[in-house]
Amino acid sequence: MRIIFMGTPDFAVPALVACHEAGHEIVCVYTQPPSRSGRGKQLRPSPVHAKADELGLEVRTPKSLKPDAEKQAFAALGADIAVVAAYGLILPQAVLDAPVHGCLNIHASILPRWRGAAPIHRAVMAGDEETGVTIMQMEAGLDTGPMLYVVRTPIATKTTGELFEELGRLGAQAMLEVLADLPAFPPAPQDDEAATHAPKIDKSEARIDWSRPASELVRHVHGLAPFPGAWFDLEGERVKLLAAEAVEDSGTPGEVLDDDLTIACGSGAISPVKLQRAGKPAMSRGDFLRGRSVEPGIVLA
């Protein structure tokens with residue numbers, strides 16, 4: 001098939017590679033413009049942009065698809081279908097209608113659960129037992145289009161970062177199956193009454209509230225790991241908590257209960273598994289304590 005691929009982050013790279021390796025003709029790759037990051041704030045292409053360059057594919061990085069010239073340029077590609085994965089721009093109706101078979105999106109949730117910008121984060125933070133990917137036909141609404149294929153996976157103790165990688169792979173494989181036999185995947189409407197919204201993570205959500213139950217805090221920590229990262233204040237130093245376990249213990253919320261950094265919560269306690277100090281790589285609890293002693297009895301903010 002003649003495919004226009006539209007995606008930006010690492011999550012979308014497996015689908016781009018899969019479509020290319022399957023022999024589809026990727027006539028163009030659309031991705032977000034390069035952004036400034038890292039030391040020196042150098043302009044860096046998105047992960048999809050970098051992979052498309054490596055594969056020798058044409059790349060376009062419009063800031064918007066709303067101008068008539070952009071719509072016309074998109075339609076002029078004469079694509080059979082557009083494959084979309086975390087692209088990051090709203091697709092106008094003219095763009096949605098341009099490919100022969102429209103635009104198919106790899107959405108990282110089991111729709112209609114978690115429509116919106118942060119479905120993986122929200123699924124983990126809410127304590128969902130499973131998540132997955134949905135291949136859906138795109139329409140003007142926010143993730144409201146009919147579903148073609150759903151793949152599921154248990155969440156268990158996985159973090160958002162781990163699920164990003166897993167769902168990126170699952171989404172790529174699911175999309176290949178759909179592209180190989182479109183008539184075998186008839187679109188099914190979503191149940192709008194069962195829909196939930198997954199808003200973008202706000203920075204204010206990242207600070208740990210020790211008054212919450214330990215089980216909730218573990219989900220909160222795993223849902224925000226590794227980005228943006230749940231954090232607490234340790235005597236004026238911001239420390240990210242990237243993985244934790246709930247344990248049976250008690251004390252004042254935020255109180256360090258022992259030499260092994262067990263921390264009391266609103267009910268129960270947590271044992272940190274992976275932490276990160278500012279400017280340092282992530283490390284185990286043992287490595288953290290070797291570099292930064294924490295006295296029992298102090299109360300973390």
Side-chain angles (χ1 to χ4, degrees), residues 1-9 11-16 18-20 22 24-32 48 60 62 64-66 70-71 74-120 122-123 131-153 167-198:
M1 301 182 76
R2 286 176 58 82
I3 292 175
I4 296 172
F5 188 89
M6 311 180 81
T8 297
F11 173 83
V13 172
L16 172 62
C19 289
H20 182 266
H24 295 291
E25 180 186 359
I26 301 178
V27 295
C28 189
V29 173
Y30 278 73
T31 189
Q32 289 283 323
V48 164
R60 296 180 183 176
S64 171
L65 292 170
K66 293 180 180 179
E70 290 294 347
K71 297 174 187 175
F74 186 91
L77 291 168
D80 295 317
I81 201 164
V83 171
V84 185
Y87 176 41
L89 286 183
I90 294 174
L91 305 189
Q93 193 63 49
V95 169
L96 293 172
D97 294 341
V100 175
H101 298 289
C103 302
L104 296 187
N105 182 45
I106 303 172
H107 183 73
S109 82
I110 302 170
L111 289 170
R113 180 76 166 160
W114 302 124
R115 295 174 178 173
I120 303 177
R122 297 300 176 186
T131 185
V133 290
T134 302
I135 306 300
M136 58 172 288
Q137 187 83 44
M138 296 183 70
E139 58 180 31
L142 178 65
D143 300 325
T144 58
M147 306 175 293
L148 282 72
Y149 190 25
V150 176
V151 179
R152 302 168 183 265
T153 186
L167 296 182
R169 296 191 301 270
L170 291 177
Q173 182 57 42
M175 181 61 76
L176 284 189
E177 293 182 40
V178 171
L179 294 177
D181 191 3
L182 276 174
F185 297 91
Q190 295 186 41
D191 179 0
D192 291 340
E193 292 186 1
T196 53
H197 182 48

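Any value given below was found using the heavy atoms of this structure, including those in side chains, with hydrogens, waters and symmetry copies removed.
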Q) Pick one: which of Val83, Ile81, Leu96, Asp97 meets side chain to side chain contact (heavy atoms under 4.5 Å, CB included) with Cys103? A) Leu96
Over all atoms of both residues, closest heavy-atom pair of [X] and [Y]:
X      : Y      : answer
Asp191 : Pro112 : O-CG, 3.4 Å
Arg2   : Gly78  : NE-O, 3.1 Å
Met147 : Pro189 : CE-O, 4.0 Å
Lys71  : Ala94  : CD-CB, 3.9 Å
Pro9   : Ala86  : CD-O, 3.0 Å

Is there a side-chain contact between [X] and [Y] in this structure, where contact means two heavy atoms from C-beta onward sitting under 4.5 Å apart?
X      : Y      : result
Asn105 : Asp143 : yes
Thr196 : Arg115 : no
Pro146 : Leu148 : no
Met1   : Val100 : no
Leu167 : Thr153 : yes
Leu77  : Tyr30  : yes
His24  : Phe5   : no
Cys28  : Phe74  : no

(Q) Checking Thr144 against Glu139 for the side-chain hydrogen bond (donor to acceptor under 3.5 Å, both in side chains) test, could you report, in this order, the C-alpha distance in whole Å, the side-chain angles of both residues, the deciding distance, and whether it holds? (A) CA-CA 7 Å; Thr144 58; Glu139 58 180 31; 2.7 Å; yes
Rounded to the nearest 0.5 Å, how far does [atom2] of [Y] lie from [atom1] of [X]?
X      : Y      : atom1 : atom2 : answer
Cys19  : Glu25  : SG    : CD    : 13.0 Å
Leu176 : Asp181 : CG    : CG    : 13.0 Å
Arg113 : His107 : CZ    : NE2   : 11.5 Å
Leu65  : Tyr87  : CG    : OH    : 4.0 Å
Leu104 : Leu182 : CG    : CG    : 6.5 Å

Expected output: side-chain [X] to main-chain [Y] donor-acceptor under 3.5 Å:
X      : Y      : result
Ser109 : Trp114 : yes
Thr8   : Gln32  : yes
Arg152 : Ile110 : no
Thr134 : Met136 : no

Q | side-chain contact (heavy atoms from CB on, under 4.5 Å) assessment of Ile4 paired with Val27 | A | CA-CA 6 Å; Ile4 296 172; Val27 295; 3.8 Å; yes
Q.
Within the supplied structure, the quantity of interest is the number of heavy atoms (other residues, nucleotides, ligands) at a distance under 6.0 Å from Leu142 CG; does it exceed 12?
A. yes
Q. Going through the distances and angles, do Leu179 and His101 end up as a side-chain contact (heavy atoms from CB on, under 4.5 Å)?
A. CA-CA 10 Å; Leu179 294 177; His101 298 289; over 6 Å; no
Q. What do the steps show when you test Ile3 against Asp80 for side-chain contact (heavy atoms from CB on, under 4.5 Å), and what is the final call?
A. CA-CA 6 Å; Ile3 292 175; Asp80 295 317; over 6 Å; no
Q.
Between Val84 and Ile106, is the side-chain contact (heavy atoms from CB on, under 4.5 Å) condition met? List the steps.
A. CA-CA 6 Å; Val84 185; Ile106 303 172; over 6 Å; no
